[in-house]
Amino acid sequence: QVQLVESGGGLVQAGGSLRLSCAASGSIFTNRDMAWYRQPPGKRREFIARVSTGGFTVYDSSVKGRFTISRDNANNIMYLQMNSLQPEDTAVYFCNSFPSVPWGQGTQVTVSS
């Protein structure tokens with residue numbers, strides 16, 4: 001069964017850093033682009049970054065230069081290194097593949113001012 005498990009969230013002060021992980025089960029990881037999304041409180045889920053199977057990356061302008069997406073194809077894990085965090089980065093962070101699969105539970109990131 002395909003499953004996505006996000007981890008690494010927490011509470012951090014503005015200007016701090018966190019590293020999120022996304023563990024993918026099944027065969028989805030090896031042959032698919034992967035992406036990170038987030039859902040701020042009271043808002044819709046939004047795309048923030050994508051990484052191809054070969055490591056090519058795309059970022060939303062809101063995180064470009066602060067966040068870095070990467071993947072470990074040998075272990076089916078994707079990462080999101082988040083630096084210079086700001087209160088507006090507060091959200092539940094999710095990962096998924098292209099094509100998408102059922103969403104995981106996400107991991108909460110809270111940035112205090």
Side-chain angles (χ1 to χ4, degrees):
Q1 182 177 356
V2 173
Q3 189 173 15
L4 298 166
V5 179
E6 301 91 347
S7 63
L11 174 64
V12 64
Q13 290 187 330
S17 299
L18 283 174
R19 188 194 197 200
L20 306 185
S21 298
C22 168
S25 66
S27 62
I28 66 166
F29 193 91
T30 303
N31 299 311
R32 301 188 188 196
D33 289 11
M34 297 292 294
W36 283 100
Y37 301 79
R38 66 185 179 188
Q39 186 167 13
K43 297 184 179 180
R44 300 183 67 175
R45 187 178 290 149
E46 60 189 26
F47 164 84
I48 55 175
R50 175 174 177 166
V51 59
S52 72
T53 54
F56 181 77
T57 57
V58 176
Y59 296 92
D60 183 78
S61 58
S62 64
V63 305
K64 192 171 185 178
R66 300 187 299 124
F67 291 10
T68 302
I69 188 172
S70 62
R71 62 191 293 164
D72 177 352
N73 291 333
N75 294 295
N76 291 356
I77 299 176
M78 178 176 65
Y79 301 100
L80 185 69
Q81 177 66 43
M82 306 187 297
N83 298 328
S84 302
L85 283 162
Q86 299 302 316
E88 52 266 34
D89 295 316
T90 294
V92 180
Y93 284 70
F94 300 87
C95 61
N96 214 315
S97 63
F98 289 89
S100 63
V101 298
W103 294 93
Q105 294 298 307
T107 185
Q108 175 71 48
V109 172
T110 303
V111 185
S112 63
S113 58

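Everything numeric here is computed off the predicted structure, so don't read it as measured data.
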Problem set entry | Shortest non-hydrogen contact from Pro40 toward Glu46 | CG-OE2, 4.1 Å
Exercise. So, the side chain of Ser52 versus the backbone of Asp33: is there a donor-acceptor pair under 3.5 Å, distance only?
Worked result: no
Seminar exercise, completed: Here the gap from Arg50 atom CZ to Met78 atom CE, rounded to the nearest 0.5 Å, amounts to 11.5 Å
Exercise. Got a donor-acceptor contact below 3.5 angstrom from the Arg32 side chain to the Pro99 backbone?
Worked result: yes
For this session: Taking all heavy atoms of Gly8 and all of Leu18, pick out the closest pair and write down the distance.
Result: O-CD2, 3.9 Å
Problem set entry | Inter- and intrachain pairs under salt bridge (charged side-chain N to carboxylate O under 4.0 Å, His left out), touching residues 57-68, at least two apart | Arg66-Asp89
Problem set entry | Under 3.5 Å: donor-acceptor pair, side chain of Asn96, backbone of Ala35 | no
Exercise. Does the side chain of Arg19 reach to within under 4.5 Å of the side chain of Tyr79, using non-hydrogen atoms?
Worked result: yes
For this session: Answer yes or no: does atom CD of Gln105 have more than 12 heavy-atom neighbours from other residues, nucleotides or ligands under 6.0 Å?
Result: no
Seminar exercise, completed: Note: Asn83 and Ser17 closest approach over all heavy atoms is OD1-OG, 2.9 Å
Exercise. Between CZ of Phe94 and CD1 of Ile48, what distance do you get to the nearest 0.5 Å?
Worked result: 11.0 Å
Exercise. Is there side-chain contact between Phe29 and Asn73, with heavy atoms separated by less than 4.5 Å?
Worked result: yes
For this session: Please examine the side chains of Val109 and Arg38, heavy atoms only from C-beta on, and report whether any two atoms are closer than 4.5 Å.
Result: no
Problem set entry | Nearest-0.5 Å distance that lies between atom CD in Gln108 and atom CG in Leu11 | 9.5 Å
Problem set entry | Single-linkage hydrophobic cluster, 4.5 Å side-chain cutoff, Val5 and Ile77 together | no
For this session: Hey, could you give me the OG1/CE distance between Thr53 and Met34, rounded to the nearest 0.5 Å?
Result: 11.5 Å
Exercise. Of the non-hydrogen atoms in Glu6 and Gly106, which two are nearest, and what is the gap between them?
Worked result: OE1-N, 2.9 Å
Exercise. Are Trp36 and Phe67 close enough that their ring centres sit under 6.0 Å apart?
Worked result: no
Problem set entry | Qualifying disulfide bond (SG atoms under 2.5 Å apart) pairs with a residue from residues 50-113, counting only residues at least two apart or across chains | Cys22-Cys95
Seminar exercise, completed: Rounded to the nearest 0.5 Å, the OG atom of Ser113 sits from the CD atom of Glu88 at a distance of 10.0 Å
For this session: Sort out for me which residue in Leu20, Val63, Thr68 forms a side chain to side chain contact (heavy atoms under 4.5 Å, CB included) with Leu80.
Result: Leu20
Problem set entry | Short side-chain to backbone donor-acceptor contact, Tyr59 and Ile69, under 3.5 Å | yes
For this session: Can you sort out the partners of Arg45 under side-chain hydrogen bond (donor to acceptor under 3.5 Å, both in side chains), two or more places apart, ordered by chain and number?
Result: none
Exercise. Is there a path of hydrophobic side-chain contacts, each under 4.5 Å between heavy atoms of I, L, V, M, F, W or Y residues, that connects Phe47 with Met82?
Worked result: no
